[in-house]
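Please read these numbers as outputs of a predicted model, since none were measured by experiment.
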Amino acid sequence: EKTVITLVANSNTVTYNGQSQEVNGFQSLTIDGYIVSGLNAHAQGTDVGTYPTEITGTAHVEKDNEDVTNKVVVKTTPGQLTITKKSIVPDDSNGIVVDGPKGSKYDGEKHENEPVVTDTKTGKTLVKGTDYTLTYSEDVTNAGTVTVTVTGKGNYTGEFNVTYEITKRDVVLTSATDSKKFDGTPLRNENVEVTGEGFAEGEGATYSEFAEVTNVTDEAVANTFTYALNENTLASNYNISTELGTLTITPKSIIPDGPVTPEEEKTGITVENPGDVKYDGKDHAEKPIVKDEKTGVTLEEGKDYEIVY
């Protein structure tokens, strides 16, 4: 009866490194004095997985320098090469480097910004969907911090978080500057110019409670106003500042209209000359009556005009 000897192929467990890795040979080729040659065990792989050894060749057996190949049965037990996943969590030792994601300006749209993940040990930029997946915190539209979770896939394992900012838009609301000659009616200008980065498309505000001025003032009047954001416009997405224009009423000419004054230039000023008086040795500082027919007002001496004799 032939003697049975069993050779056990080597096994090894390694971490994925992007390169081809292998395991070779047997745990021992000498068993109970029998020396075996002519066989090879080999397993090789690159990606994560288990690779059984392949045993090739023809066994030759010697004992005490005598060929006993025909007197023994050589059996083999395969080994295996196991390649395990590499951690995707950035670390100085594993060579994983993450760039970004870059931030965005609020514009009313979703911003699922992506980082760039590089394995410097393999020299490869990792691929989303193959090497990792991305999940985002709930709000990727409004201004604030977005958290991105990077989860290893395929040859990589583990997860880590990165963040980026969706920043507010800067908006300047400027009321109009306007002026006119006094005509007894209020001056009001409800135009508002939106500058800076402006509102996102489809968003904005309404404006009300504008200042107005009717009479001539010593200084220009600030064109104050209030604003209310539209229902779909969140204040938290904007840095809003206001700048005020001015309203000015300039004095109206008190010179009466002449017979050839063009219609568009007429002031409506009329003067009723004072009546003549008989000399009696007394002062007679008679006063004219000055009216503004366009406003329907009789002007007042000392307020609207002065008289010099």
Treating [X] as the side-chain partner and [Y] as the backbone partner, does any N or O pair qualify as donor plus acceptor under 3.5 Å?
X	Y	answer
Ser175	Gly245	yes
Thr147	Thr163	no
Ser137	Val146	no
Thr118	Thr125	no
Asn191	Ala176	no
Asn24	His42	no
Asp257	Gly268	yes
Asn223	Asn189	yes
Asn113	Lys102	yes
Lys86	Asn17	no

Determine, step by step, whether Lys63 and Glu66 satisfy the salt bridge (charged side-chain N to carboxylate O under 4.0 Å, His left out) criterion, reporting the C-alpha distance in whole Å, the side-chain angles of both residues, the deciding distance to 0.1 Å, and the verdict.
CA-CA 5 Å; Lys63 186 174 185 181; Glu66 179 184 350; over 6 Å; no

Calculate, to the nearest 0.5 Å, the distance between atoms [atom1] and [atom2] belonging to [X] and [Y] respectively.
X	Y	atom1	atom2	value
His60	Leu39	NE2	CG	11.5 Å
Thr185	Lys294	OG1	NZ	11.0 Å
Glu272	Lys287	CD	NZ	14.5 Å
Glu62	Ser37	CD	OG	6.5 Å
Thr82	Tyr51	OG1	OH	10.0 Å
Lys128	Thr133	NZ	OG1	9.5 Å

Heavy-atom check, side chain of [X] versus side chain of [Y], under 4.5 Å:
X	Y	result
Thr242	Tyr227	yes
Leu229	Phe199	yes
Val89	Ile96	no
Leu7	Leu29	yes
Val72	Val4	no
Ile166	Asn142	no
Glu54	Thr56	yes
Glu243	Thr195	no

Checking side-chain contact (heavy atoms from CB on, under 4.5 Å) for the pair Tyr164/Val162: CA distance, chi angles, key distance, verdict?
CA-CA 7 Å; Tyr164 62 93; Val162 291; over 6 Å; no

Charged N-O contact under 4.0 Å between Lys124 and Asp131
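Salt bridge flag = no for Asp131 with Lys124.
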
[X]-[Y] side chain donor-acceptor pair, cut-off 3.5 Å:
X	Y	result
Asn94	Asp91	no
Glu159	Thr149	no
Ser208	Thr226	yes

Shared hydrophobic cluster, [X] / [Y] (ILVMFWY, side-chain heavy atoms < 4.5 Å):
X	Y	value
Val8	Tyr34	no
Tyr207	Val172	no
Val68	Val36	yes
Ile240	Leu244	yes
Val290	Ile307	yes

Do you know the tightest heavy-atom contact between [X] and [Y]?
X	Y	value
Pro288	Val271	CB-CG1, 3.8 Å
Leu187	Ser179	CD2-CA, 3.7 Å
Glu203	Thr233	CB-OG1, 3.2 Å
Pro90	Phe160	CD-CD2, 3.4 Å
Ala143	Thr167	CB-C, 4.2 Å
Ser11	Gly79	OG-CA, 3.2 Å

Is there a side-chain contact (heavy atoms from CB on, under 4.5 Å) between Asp119 and Leu126 once you walk through the steps?
CA-CA 7 Å; Asp119 186 341; Leu126 304 192; 4.0 Å; yes

Under 6.0 Å between ring centres, would you say that holds for Tyr132 and Tyr156?
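Centroid distance Tyr132-Tyr156: not below 6.0 Å, so no.
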
When you look at Val194 and Val171, which way does the side-chain contact (heavy atoms from CB on, under 4.5 Å) test go after all the steps?
CA-CA 7 Å; Val194 180; Val171 173; 3.9 Å; yes

Sequence neighbours excluded - salt bridge (Lys or Arg N to Asp or Glu O under 4.0 Å) pairs with any residue from residues 166-184
Lys180-Asp183

What pairs meet the salt bridge (Lys or Arg N to Asp or Glu O under 4.0 Å) rule with one or both residues in residues 212-238, with sequence neighbours excluded?
Arg188-Glu212

Could you point out which residue of Thr267, Asn215, Thr250 forms a side chain to side chain contact (heavy atoms under 4.5 Å, CB included) with Phe182?
Asn215

Taking side chain to side chain contact (heavy atoms under 4.5 Å, CB included) as the criterion, tell me which of Leu299, Ile269, Thr270 meets it with Lys291.
Thr270

Joining Ile, Leu, Val, Met, Phe, Trp and Tyr whenever any side-chain heavy atoms lie under 4.5 Å apart, the cluster holding Val127 also takes in none

More than 12 foreign heavy atoms under 6.0 Å from [atom1] of [X]: is that the case here?
X	atom1	answer
Lys75	NZ	no
Lys266	NZ	yes
Asp92	CG	no
Glu22	CD	yes
Asp64	CG	no
Asp67	CG	yes

Audit row: Val98, Val150, side-chain contact (heavy atoms from CB on, under 4.5 Å) steps and yes/no:
CA-CA 10 Å; Val98 181; Val150 182; 5.9 Å; no

